[in-house]
Each structure stands twice: as structure tokens, then as C-alpha cells.
Protein chains: 2
Amino acid sequence: MDAKTLCLGALMHEDASGYEIRKLFEDGLFSAIHDVSFGSIYPALTVLLERDWVTCRVAEQNGRPDKKIYSITPTGREAFLDAISAPPAPDKMRSEMLFILSFGDYLPRADVSALVDRYIESYAAKLEALQSCTCIEEAPPVRKFVNDFGLAMYETAISFLRRHRDDLVLQASGEANSNDGPARGSNPAPVAAAGGPS
Amino acid sequence: MDAKTLCLGALMHEDASGYEIRKLFEDGLFSAIHDVSFGSIYPALTVLLERDWVTCRVAEQNGRPDKKIYSITPTGREAFLDAISAPPAPDKMRSEMLFILSFGDYLPRADVSALVDRYIESYAAKLEALQSCTCIEEAPPVRKFVNDFGLAMYETAISFLRRHRDDLVLQASGEANSNDGPARGSNPAPVAAAGGPS
DNA sequence: GGTTGCATGTAAATGGTTACATGATTGT
DNA sequence: ACAATCATGTAACCATTTACATGCAACC
């Protein structure tokens, strides 16, 4: 999903400024779904304005910088619904965590241990944020579904990591200096030490 | 994770050609982790070669095109381990599926139904591919961990979708032409029809 | 004869992140 | 005083996807 579609989606839900759209994906309704940065939101909104998919009015605020509040137009709604109706590509899983941990047998035990803990923490934080997000009660039930899906995924991730934490640490290299090779002892030398395998 | 690091990771596991690296992420050991395309693999390998992080030999094959087999060097290993030891950013969840389905109340029932089914199918296909992948048995146990994590996540996703499928379809718009507005009846008018909310 | 698999690569289009620039206000 | 929140925007950099180009072999 590109930033334009993401913005339109946010504006389907309610009028918002660029800043508020980001908050929706950071803390709010869409926090289980995606991340977007300012650097992609603001240019996206400019393009949407040129295409007449959104309109913009400026709201002056006292004590705060002015706000540009965007609203989606009927044409914008059409475009958005077309975009999400297009035949979807299968959802891709992309996890940096998995990639890193899958080389745990080359990292010192302390590193793996810290890594796992940090990942558990970050998932738990996300989970808590999702649970304590009051915004869902006001939203239509479909949005709650999405939130619950996020909850289920984070819970699975956390419980998996907790269950396998000790295993993972045991398989780590056990050396303070990680650059020499994979774990000895518990592993059958996955790759030759330095000269190139076979 | 950029393509260079991904390639190095693959080469930590075994010597491989660009083509084979892609297969590792498509079907093989890393299929639960990430996708990479040829367009990013080949340039990445060129850069790695310039940096002396990998070496390359050409293998002639009869009946098949020549192969360029890459091996990671000691310097490459160091660089790789440095890269994955860097303090990790919290794993981001990014799901196009969730985003699309969260607007199910604007889509016709048949579309939502088909959408959910297709997603279930695609997850199930991934799951089966992971289960039937024999490559894990030969790999060190940490790699099995990653695979199991993938399995757990896909299972959660599938069972969640199955459990909530009917709910989701019920909340859909129910109209053949989706462009008019959100579902009537079951939903309390999430957004005003066209003029802009509040 | 057409498709699939093996095999490498390039180029164009796209699009995103990061960092910078600016500036007021509120809380510590 | 200093950090954080609110608020918008630009530009440089980086990277990726997609499509194109090529070619042989095996299978249906």
C-alpha cells in the first residue's frame, strides 16, 4: 500500500491533518496495520489535492501552528475503493527479527538473550497500546476486527518467544567475541569456519 | 534488512548463485522471513563483490546456463555479524490484508467473502509450503525455530480469519456497486455519505 | 509448438526514510 | 533552560519492484 492510499483510508474514517494521519497509524485506529512517516504523508497529500481526491481547509488555532485539515471527496472515495478492490497479492511476511534470530548460533549468548528480551518487550508494548486504545469503541465493528487480529498476532509472537527463549539462548555461540564462528557443542557446524564450505 | 544483508545471510548458510539465493527466500530455508527479487539480488551481489565481502567462481554446467557461485569471505562474515548485532528497531507489522479488510463495510458482500477466502488460501499455501519444506532437518536448530515461528503466525492468521469470516461478511456493504457508501443496517454510519463529516 | 525451469542482468519508474529547516508553546 | 508536543514541509539518499532482454533445455 502506498502512502496515498493509506492517507485516503485515514480520511475515509475522518477528516484530518497530515500530523493527525500519522498519529492514526502510530497510536490510533490503524496502529496494528502499517507505519507511515511524515516524509511520505505530506507529499502524498499534495498529490491527492492536485487530483481532487481530497480538499483542504486551513484551521487557525491559538497558541498552536495552523492546521491543514483534509477531507476526502466523492471522487477520492471512488478511487480509494477501486484501489482496495483490486485483486490482492498474497500478504507477505517480513520480519527482521526472524532473520536476525535465525543467526543466533553465530552471536554471543548475552546478545541473543538481550535481543529476545527486547523483541518481547517491543511486542508487548504494541500489544498493550492496542488493548488500551479506546478509539476502537467508537469505530465501526470491522475496525475492531482488525484490532483483534493484531492482538492475536502479537500474542502469538510473544508467547512463542517466551516458550522458546531458553532454547534459543542455549543454541547461541557462547563466545564474547562473535566474529569467529557458529556455536560449538550443540550445533553440527552449519558452515565451514572461514575458507568457504565444501 | 536490505538486499545486501539478506544475500550475506543466505551465503552464511551455504555458497549459492543469485538464482539459488532467491529460491532460498522463495521456497527454502528463509521463506518464512522475507521476499527478495532478482532485481535487488544481482546488484547487491555486485556490490558485495566490490567490497570483497564475497568471492565468485563460475561453474559451467552442461545443458544449463553457467552459474556464478558466490562464497562469503571472512570480512563478509564480520560485516554480516556487525549488521545483525546492531540494536534492532522494533519489528513493524505491515499487512495490506488488514488494511483492505478494515474497509470491508464499504465493499459489497461478495467481494469481502472472496477476499477473505483468498487470503485464507494464500496463508494456507504458505503454511503447507513451510511444513513440507524438508530443508529444515539438515539445518541447525535455530533455523527450525524460525520456521516454527512462521508456522505459528500463519496458523493464528488462518484460524482467526476462519473464526471471523462470517462476521466480516455480515458487516459488508451488501451492495453490488460499492461506491455509494458504507454498509447500512448493521453499522452506525461510520462516515457521512459525501459532504464531509461533522 | 508452448510453457516451465534454469540463469543473469539492466533500466526505468516508483516510492520511501532520514535528516534538515522552522517556530511556538507547555511542562520539568 | 531543556525537552517534548504540535505542525508543515523539502531534499538528498537509498532501495526496491517491474519489466525488459536473452537463451537453452526439458517436458507436455
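Quick caveat, the model's predicted, so the values are computed rather than measured. Throughout, a chain's letter reflects where its sequence line sits, starting with A, and its residues are numbered from 1.
Considering only residues two or more places apart in sequence or on other chains, B:Phe149 meets the ring pair (Phe, Tyr, Trp, His ring centres under 6.0 Å) condition with A:Phe160. B:Val146 meets the side chain to side chain contact (heavy atoms under 4.5 Å, CB included) test with A:Leu98, A:Ser102, B:Ile33; sequence neighbours excluded. Under the side chain to side chain contact (heavy atoms under 4.5 Å, CB included) criterion, B:Ser37 pairs with B:Ser40, sequence neighbours left out. Listed by chain and residue number, B:Glu50 satisfy the side chain to side chain contact (heavy atoms under 4.5 Å, CB included) test with B:Thr46 (two or more places apart in sequence, or in another chain). For A:Asp148, the salt bridge (charged side-chain N to carboxylate O under 4.0 Å, His left out) partners are A:Lys144, not counting sequence neighbours.
Taking a heavy-atom distance under 4.0 Å as the criterion, the stretch of DNA chain D touched by chain B extends 5' to 3' from D:dA15 to D:dA25.
Applying the salt bridge (Lys or Arg N to Asp or Glu O under 4.0 Å) definition to pairs two or more places apart or across chains, those involving residues 20-45 of chain B are B:Glu20-B:Lys67, B:Arg22-B:Glu26.
Across its full length, the helix from C:dG1-D:dC28 to C:dT28-D:dA1 shows an angle of 40° between the axes of its 5 terminal pairs at either end, rounded to 10 degrees.
Counting side-chain heavy-atom gaps under 4.5 Å among Ile, Leu, Val, Met, Phe, Trp and Tyr, the cluster of B:Tyr42 also holds B:Tyr19, B:Phe38.
Side-chain contact check for B:Tyr106 versus A:Phe80: every heavy-atom pair is 4.5 Å or farther apart.
Around atom CD of B:Glu60, no more than 12 heavy atoms belonging to other residues, nucleotides or ligands sit under 6.0 Å away.
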Can you give me the N/O atom pairs linking the protein to nucleotides 1-7 of chain C at distances under 3.5 Å, or say none if there are none?
from  : atom 1 : to      : atom 2 : distance (Å)
C:dC6 : OP2    : B:Tyr19 : OH     : 3.1
C:dA7 : OP1    : B:Gln61 : OE1    : 3.0
C:dA7 : OP1    : B:Gln61 : NE2    : 2.5

Below 3.5 Å is the cut-off: list the nitrogen or oxygen pairs between protein and nucleotides 15-18 of chain C, distance only.
from   : atom 1 : to      : atom 2 : distance (Å)
C:dG16 : OP1    : A:Ala3  : N      : 3.1
C:dT17 : OP1    : B:Arg94 : NH2    : 3.1
C:dT17 : OP2    : A:Ser37 : OG     : 2.8
C:dT17 : OP2    : A:Ser40 : OG     : 3.4

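B:Arg57 forms no cation-pi arrangement with B:Tyr70, by the criterion of a distance under 6.0 Å to the ring centre and an angle within 45° of the ring axis.
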Step-by-step side chain to side chain contact (heavy atoms under 4.5 Å, CB included) determination, B:Leu127 to B:Gln131: CA-CA 6 Å; B:Leu127 212 170; B:Gln131 281 171 331; 3.4 Å; yes
Could you pull out every donor-acceptor pair under 3.5 Å between side chains of residues 116-125 of chain B and any protein atom, sequence neighbours left out?
from     : atom 1 : to       : atom 2 : distance (Å)
B:Asp117 : OD1    : B:Arg165 : NH1    : 2.4
B:Asp117 : OD2    : B:Arg165 : NH1    : 3.0
B:Ser122 : OG     : B:Tyr119 : O      : 3.1
B:Tyr123 : OH     : A:Asp91  : OD2    : 3.0

